[in-house]
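Remember, predicted model here, so these are calculated numbers, not experimental data. The figures here come from the full heavy-atom set of this structure, side chains too, leaving out hydrogens, waters and symmetry mates. Throughout, numbering of the chain's residues begins at 1 and tracks the sequence.
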Amino acid sequence: MFPENIYLTGAGWLGYFIYVPIALAVIGLLYWLLLRRIPIIVIRIVSLFIISAPLLTFPLWEALSISYEAEKLCKEQGGLHVYRTVETEGFVGMASIEEWSRYGFSYIEWGSQNKKYRYMMENEKKTSEEIPEFTNRYYLKGSKEKRINDHIKYVRYYYIEDQQTGEVLGELVRFKIYPSRFDALSLKLMPVEYNPWICGNESPEGEGVYSTAHKKRLYRISDVIKATLKPIKNKGEGQ
């Protein structure tokens, strides 16, 4: 059974269509030099098939292997994972207080190593104050990658981490898939740019948002926050 997606670029398919007539010519030459001398027709046909099938499909083997592995990883490990939910007045992360105040959060802290700020809403207007250090323990972080092999990367796309304990409370996991060696060679020979394929961030009906570009529902950063952090009103909690 074939995987749902075969990870082969347009350049790779074009390279394969160029490869096929070359392979057929090689098969024809082998038949003329060797196989036609086999006296028994059945053995001749079986031998021709044994030589032809692997030679004609050779450029697709690695792409199929990558596709099967990626499909398995994305189904088993990809997606939104929530390990523990917590209540908090706010969190640390590059996010909009205008948006998150509507969900009940009182503030968001963000900044650089030298300048740190707390953002709040007062009278429906965004305000900020400089603070010496972040006071909240829950951080929104993103894009931590780990290479699984030459063709697949595990990406902890966005996650919530408890800075006091180092515990990951929730995460959105996806995978980056890179071309096979035949595909990569085809890309080098043609003036074509490509981005790695992404899988694992697909969401079920009723969750995430529908992407017209990908023609499916996808999880967003906000889904990680909503699923993991719950706003509270009593000050002093969740700090």
Side-chain angles (χ1 to χ4, degrees), residues 1-13 57 59-88 91-95 100 103 136-184 187 193-230 238:
M1 186 175 180
F2 283 98
E4 291 180 12
N5 297 300
I6 297 177
Y7 294 108
L8 193 68
T9 67
W13 281 115
T57 58
L60 303 178
W61 291 357
E62 191 175 36
L64 283 171
S65 175
I66 294 167
S67 301
Y68 278 117
E69 185 176 9
E71 185 175 279
K72 184 174 185 293
L73 287 169
C74 288
K75 286 182 178 179
E76 293 180 356
Q77 299 181 32
L80 179 62
H81 304 279
V82 179
Y83 309 113
R84 184 164 69 90
T85 60
V86 297
E87 292 187 335
T88 177
F91 58 91
V92 180
M94 189 170 62
W100 290 105
Y103 290 98
N136 199 283
R137 64 192 286 181
Y138 305 117
Y139 281 50
L140 170 65
K141 295 186 174 182
S143 204
K144 192 172 184 179
E145 299 185 354
K146 179 178 68 175
R147 184 173 287 279
I148 294 176
N149 53 44
D150 291 341
H151 304 289
I152 302 176
K153 278 185 181 179
Y154 171 99
V155 183
R156 181 178 276 166
Y157 188 42
Y158 281 99
Y159 59 103
I160 303 290
E161 183 177 270
D162 184 337
Q163 285 297 104
Q164 289 187 9
T165 64
E167 177 189 6
V168 174
L169 305 178
E171 61 184 352
L172 175 55
V173 174
R174 65 185 195 177
F175 292 85
K176 288 183 179 179
I177 301 103
Y178 294 86
S180 65
R181 279 167 288 198
F182 177 85
D183 202 353
L187 286 163
E193 292 185 4
Y194 87 99
N195 292 314
W197 296 278
I198 302 293
C199 73
N201 57 334
E202 300 86 357
S203 67
E205 192 66 32
E207 298 184 34
V209 293
Y210 183 78
S211 168
T212 53
H214 297 89
K215 297 182 180 179
K216 55 187 174 183
R217 299 190 71 84
L218 302 175
Y219 282 118
R220 304 163 296 170
I221 305 170
S222 59
D223 294 308
V224 184
I225 301 171
K226 290 176 187 176
T228 309
L229 303 179
K230 308 300 179 182

Any side-chain heavy atom of [X] sitting closer than 4.5 Å to one from [Y]?
| X | Y | value |
| --- | --- | --- |
| Pro59 | Trp13 | no |
| Ile160 | Leu140 | yes |
| Lys153 | Tyr178 | yes |
| Ile6 | Leu64 | yes |

Between [X] and [Y], which heavy-atom pair has the shortest distance, and what is it?
| X | Y | value |
| --- | --- | --- |
| Tyr7 | Cys199 | OH-CB, 3.8 Å |
| Ala11 | Asp183 | C-OD1, 4.4 Å |
| Asn136 | Val92 | O-CG2, 3.8 Å |

Checklist entry - Which pairs with one or both residues in residues 146-172 pass ring pair (Phe, Tyr, Trp, His ring centres under 6.0 Å), sequence neighbours excluded? => result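 For residues 146-172: Tyr154-Phe175.
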
For [X] and [Y], indicate whether the former's side chain and the latter's backbone hold a donor-acceptor pair under 3.5 Å.
| X | Y | result |
| --- | --- | --- |
| Glu202 | Gly200 | yes |
| Arg156 | Lys144 | no |
| Glu4 | Glu71 | no |

Checklist entry - Taking only residues two or more places apart in sequence or in another chain, which ones pass salt bridge (charged side-chain N to carboxylate O under 4.0 Å, His left out) with Arg181? => result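 By the salt bridge (charged side-chain N to carboxylate O under 4.0 Å, His left out) rule, Arg181 matches Glu62.
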
Checklist entry - So with a 6.0 Å cut-off around NZ of Lys216, is the heavy-atom count from everything else above 12? => result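 Check passes, neighbour count above 12.
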
Next on the checklist: Under the disulfide (SG to SG under 2.5 Å) definition, can you give me all pairs with a residue in residues 143-183, not counting sequence neighbours?
Outcome noted: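 Passing the test, one end in residues 143-183: no pairs.
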
Item to check | Listed partners of Tyr103 passing ring pair (Phe, Tyr, Trp, His ring centres under 6.0 Å), at least two apart | outcome: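 Testing Tyr103 for ring pair (Phe, Tyr, Trp, His ring centres under 6.0 Å), a comparison that skips the adjacent residues, returns Trp100.
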
Item to check | Non-neighbouring partners of Trp61 that pass ring pair (Phe, Tyr, Trp, His ring centres under 6.0 Å), sequence neighbours left out | outcome: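 Testing Trp61 for ring pair (Phe, Tyr, Trp, His ring centres under 6.0 Å), a comparison that skips the adjacent residues, returns Phe58.
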
Checklist entry - Any ion pair linking Asp223 and Lys226 (charged N to carboxylate O, less than 4.0 Å)? => result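 Looking at Lys226 and Asp223, the cut-off is not met.
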
Next on the checklist: I'd like to know whether Arg137 forms a side chain to side chain contact (heavy atoms under 4.5 Å, CB included) with Val86, so could you lay out the CA-CA distance, the side-chain angles of the two residues, the decisive distance to 0.1 Å, and finally the verdict.
Outcome noted: CA-CA 11 Å; Arg137 64 192 286 181; Val86 297; over 6 Å; no

Checklist entry - Which is it for Glu205 and Arg217 under the side chain to side chain contact (heavy atoms under 4.5 Å, CB included) test, yes or no, and what are the steps along the way? => result CA-CA 7 Å; Glu205 192 66 32; Arg217 299 190 71 84; 3.8 Å; yes

Item to check | Plane angle bin for Tyr83 and His81 - parallel if under 30°, tilted between 30 and 60°, otherwise perpendicular | outcome: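 Rings of His81 and Tyr83: parallel, under 30°.
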
Next on the checklist: For Ser143, give me all partners under side chain to side chain contact (heavy atoms under 4.5 Å, CB included), at least two apart in sequence or on another chain.
Outcome noted: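 Partners of Ser143 under the side chain to side chain contact (heavy atoms under 4.5 Å, CB included) test: Glu145.
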
